[in-house]
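One structure below.
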Amino acid sequence: MYFPKLLRFIAGLTLCLLPILSRAQVEASLVTSKTQVVSGQPFTVALHLVHETHWHTYWLNPGTGLATSITWNLPKGWKASDIQWPTPQMIKDDHGIITGTGYDGDLLLPVTITPAPDAVLGSTVTLSASAQWLMCKDVCKPGDASVSTSVTLASKTQDDAIWSAKLKAQLAQLPRTDSTWNLTAYKEGNRIILTASSKTSLSEADTPKDLHFFSDDGLIVLDQPQIISKANPLEISLPLSTDAAQTSRLIGVLRVSNSWSKDQTLPGLRVDIPITPGRPAAAVATPSSSTSFGATLLLALIGGLILNLMPCVFPVLGIKILGFVNQAGSERKKVILHGLTFTFGVVLSFWVLVGILTILKTGGAQLGWGFQLQSAAFVFALAAVMLVFALNLSGVFEFGLSATSVGGNLQMKSGFMGSFFTGILATMVATPCSAPFLAPALGAALTMSTGESFIVFTAVALGLSAPYLLLSIFPAAIKILPKPGAWMETFKQFIAFPLYATVAYLIWVLAGQVSESGLLNSMIGLVIISMAVWIYGRYAQRKVKLSISLTAVALVAGLWAGWPVAAAPTDITWSPWSTQSVEQLRSQNRIIYIDFTARWCATCQANKKVVFHSNEVLKHFRDKNIATLRGDWTNRDPLISQELAKYSRSAVPFNLIWLPGKSEPIILPELLTPTIVMDAVNQK
């Protein structure tokens with residue numbers, strides 16, 4: 001008799017608790033800063049997410065999760081901006097392991113709404129949107145909600161009594177740049193070094209604490225430690241992701257636990273700066289600096305002199321010594337003219353550099369010594385020039401210029417042009433180096449007036465060219481050099497190897513600026529350029545016209561094949577493959593394209609070139625929001641091996657397409673075309 005009563009009690013209790021038990025872990029609504037708006041004048045709304053304790057949603061670059069998104073349904077002529085993301089925080093599991101980046105608690109995601117210019121005065125307009133998010137605690141599940149709010153068109157705006165102040169406070173705390181902080185970034189091995197220096201004095205309370213960088217584009221590894229230096233300036237070492245697309249800029253948010261501003265309203269500093277290939281010179285010369293202008297000139301002269309012993313300049317030293325040995329029996333006047341011509345080439349090149357630097361800095365660019373090496377095209381061109389010089393020294397062909405020829409009397413014009421060009425080359429290869437005493441001098445020059453900068457750079461140029469100029473002015477010193485002889489050919493070929501090493505270094509720099517396929521194209525381009533000069537050296541003496549024609553064609557082909565091209569906004573961004581990623585994306589009913597590949601797989605590279613350089617494929621993947629995952633088997637990976645074995649495969653390339661609602665993926669053939677891929681993703 002008690003059993004029916006117990007059942008009725010449980011049923012009643014369940015009905016009472018059902019609203020509580022069924023409540024979403026994240027509740028969403030749309031709030032507005034204005035109840036009355038004016039046509040054409042922007043105002044702020046926000047997606048308001050309230051998280052249950054220990055639940056979280058995700059940021060723009062979520063890591064292992066999925067960023068919150070908003071799809072708007074607005075009246076004709078009304079416009080909505082992208083989400084203005086607040087400063088994110090690290091998301092960790094119960095074991096302290098980082099699993100993503102995002103938010104918890106009470107969250108506002110602001111969006112700027114611009115009414116139509118012709119919106120009717122007095123009308124009430126409903127702003128509707130569909131919000132989607134991934135919410136996680138111990139488990140993850142997708143969430144969505146249809147949200148809306150209303151505003152009235154009026155002749156003047158009226159604040160919402162509750163949300164106007166809250167949204168204003170939220171906007172004030174959004175990540176932004178700050179003029180009191182100077183940011184720089186440079187690449188060092190497999191890490192990016194980000195520095196932040198304050199232009200004002202800081203107390204202990206004002207010093208930023210607990211720094212952490214959040215990358216917008218996944219360039220920085222999410223779950224590896226970021227090493228922080230407490231020195232001034234602040235320095236944080238960021239681990240580079242091997243899966244991220246190569247880029248020349250560091251973009252993201254640098255978070256602190258206190259604030260970047262003294263008014264305590266800036267927890268996140270917006271970062272969008274170029275990445276230099278090496279540590280930039282510190283700007284140490286300011287109006288209050290104790291280093292005088294004369295001392296700066298002395299440092300510049302000594303630094304330029306020491307540059308001759310740096311690895312990037314030393315190969316050119318060998319080339320020029322060969323030239324002086326050749327000229328040992330020449331007239332003194334001729335030798336002096338060669339030294340002056342070389343010096344003029346160096347000085348003119350430095351003047352061009354400081355002129356370009358001044359123009360770009362006037363336009364607001366943040367540049368420093370070696371800024372041209374931030375250009376992938378310049379790095380490739382310099383690598384090609386150095387490679388051609390190295391091949392010449394190895395005996396593949398002869399320039400016929402006095403700077404590199406051995407024996408024989410050359411025409412005066414050709415010899416002087418060789419000295420002038422060698423001076424230019426010495427300047428180009430000097431820019432990656434920062435010799436002792438040079439860094440403070442150049443740092444000072446970059447903060448001085450244009451006239452003073454030219455003088456300091458001229459001092460560097462004179463220091464760099466001083467040994468050659470002195471050897472030409474004082475011919476007796478040339479006598480200490482060995483006399484011309486058979487040893488010169490051996491020495492000439494030997495000094496080609498430092499040039500080959502310089503080419504290898506430039507390719508390493510290029511690897512940090514272009515994508516994997518772009519780097520492969522550049523290396524193939526250098527091979528074709530090598531073939532071009534080989535053709536010239538092989539046939540120039542017998543079939544002049546034919547050899548010149550073939551050389552020109554091969555050079556153009558090499559430059560065309562290897563010339564770095566910036567990644568287009570439509571290019572596909574690949575995420576690393578994992579079984580968890582596949583399951584998560586399948587739960588979202590997205591089309592998934594999986595590419596199991598390896599760098600050593602030639603067919604894999606050919607497939608990428610054919611398929612993912614097709615504008616039709618790129619547009620279709622973008623329009624359909626197709627998820628792209630890449631399993632990189634370049635190094636042994638047991639998880640990828642197990643996945644291949646599931647489909648009775650043991651080699652790459654192997655490409656799969658998961659379609660929504662299908663229990664098995666589509667297996668693509670080894671050789672792909674755009675048509676094959678398009679037909680597969682369009683299957684019903």
Side-chain angles (χ1 to χ4, degrees), residues 25-26 28 46-47 49-70 82-110 131-143 170 173-176 185 191-192 194 208-228 236-245 247 249-260 266-272 573-576 578 580-581 584-585 588 627:
Q25 288 78 14
V26 175
L47 178 64
L49 298 179
V50 180
H51 303 74
E52 281 193 0
T53 304
H54 302 307
W55 285 83
H56 55 263
T57 53
Y58 290 91
W59 181 57
L60 166 69
N61 177 26
T64 58
L66 184 68
T68 299
S69 63
I70 305 174
D82 294 334
I83 294 174
Q84 300 168 49
W85 297 95
T87 301
Q89 62 189 30
M90 300 304 301
I91 297 172
K92 299 181 180 181
D93 62 16
D94 294 337
H95 304 288
I97 298 173
I98 297 172
T99 60
T101 58
Y103 313 95
D104 55 16
D106 197 304
L107 173 67
L108 290 170
L109 297 178
Q132 298 85 34
W133 61 86
L134 183 69
M135 46 192 173
C136 298
K137 185 184 176 184
D138 298 323
V139 296
C140 293
K141 57 182 180 179
Q170 178 68 78
Q173 294 189 17
L174 290 179
R176 64 180 185 273
R191 303 184 77 85
I192 297 292
L194 172 61
K209 297 175 176 62
D210 305 319
L211 285 79
H212 193 93
F213 180 76
F214 296 85
S215 171
D216 278 13
D217 51 11
L219 181 68
I220 305 304
V221 179
L222 173 70
D223 55 356
Q224 290 187 14
Q226 299 182 1
I227 304 169
I228 303 170
I236 179 169
S237 178
L238 310 172
L240 272 173
S241 171
T242 57
D243 298 315
T247 179
R249 300 191 71 83
L250 183 65
I251 304 174
V253 176
L254 187 55
R255 179 190 175 100
V256 291
S257 59
N258 48 353
S259 176
W260 291 98
L266 189 57
L269 194 64
R270 170 50 62 180
V271 177
D272 187 352
T573 300
W574 295 87
S575 299
S578 68
Q580 295 86 352
S581 298
Q584 186 178 81
L585 291 167
Q588 300 166 19

Flag side-chain contact, heavy atom, 4.5 Å: [X] against [Y]:
| X | Y | value |
| --- | --- | --- |
| Gln226 | Leu194 | no |
| Pro239 | Ile220 | yes |
| Phe214 | Leu60 | no |
| Phe213 | Ile192 | no |
| Leu219 | Ser241 | no |

From [atom1] ([X]) to [atom2] ([Y]), nearest 0.5 Å:
| X | Y | atom1 | atom2 | result |
| --- | --- | --- | --- | --- |
| Ile91 | His56 | CD1 | NE2 | 4.0 Å |
| Ser69 | Leu134 | OG | CG | 11.0 Å |
| Trp133 | Leu109 | CH2 | CG | 10.5 Å |
| Ile236 | Leu211 | CD1 | CG | 5.5 Å |
| Gln132 | Leu66 | CD | CG | 9.0 Å |

Sequence neighbours left out, what passes ring pair (Phe, Tyr, Trp, His ring centres under 6.0 Å) with His51? Give chain and number order.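 His51 satisfies ring pair (Phe, Tyr, Trp, His ring centres under 6.0 Å) with no other residue.
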Residue pair [X] / [Y]: nearest heavy atoms and the distance that separates them:
| X | Y | value |
| --- | --- | --- |
| Leu266 | Val256 | O-CG2, 4.4 Å |
| Pro62 | Ala67 | CG-N, 3.7 Å |
| Ser581 | Ser578 | OG-OG, 2.8 Å |
| Ala28 | Leu49 | CB-CD2, 3.6 Å |
| Trp59 | Ser215 | CZ3-O, 3.5 Å |
| Met135 | Gly143 | CE-CA, 4.0 Å |

Only counting residues at least two apart or in another chain, list the ones meeting side chain to side chain contact (heavy atoms under 4.5 Å, CB included) with [X].
| X | value |
| --- | --- |
| Ser257 | Lys209, Asp210 |
| Gln173 | Pro267 |
| Asp106 | His48, Val50 |
| Leu222 | Met90, Ile98, Thr101 |

Restricting to side chain to side chain donor-acceptor pair (under 3.5 Å), what partner residues turn up for [X], sequence neighbours left out?
| X | value |
| --- | --- |
| Lys141 | Gln25 |
| Arg270 | Asp216 |
| Ser259 | Ser261 |
| Thr68 | none |

Among all residues two or more places apart in sequence or in another chain, which pass the salt bridge (charged side-chain N to carboxylate O under 4.0 Å, His left out) test with [X]?
| X | result |
| --- | --- |
| Arg191 | none |
| Arg176 | none |
| Asp104 | none |

Going through the distances and angles, do Ile83 and Leu47 end up as a side chain to side chain contact (heavy atoms under 4.5 Å, CB included)? CA-CA 9 Å; Ile83 294 174; Leu47 178 64; 5.8 Å; no
Mutual orientation of the aromatic rings belonging to Tyr103 and Trp85 [parallel < 30°, tilted 30-60°, perpendicular > 60°]: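 Correct class here is parallel.
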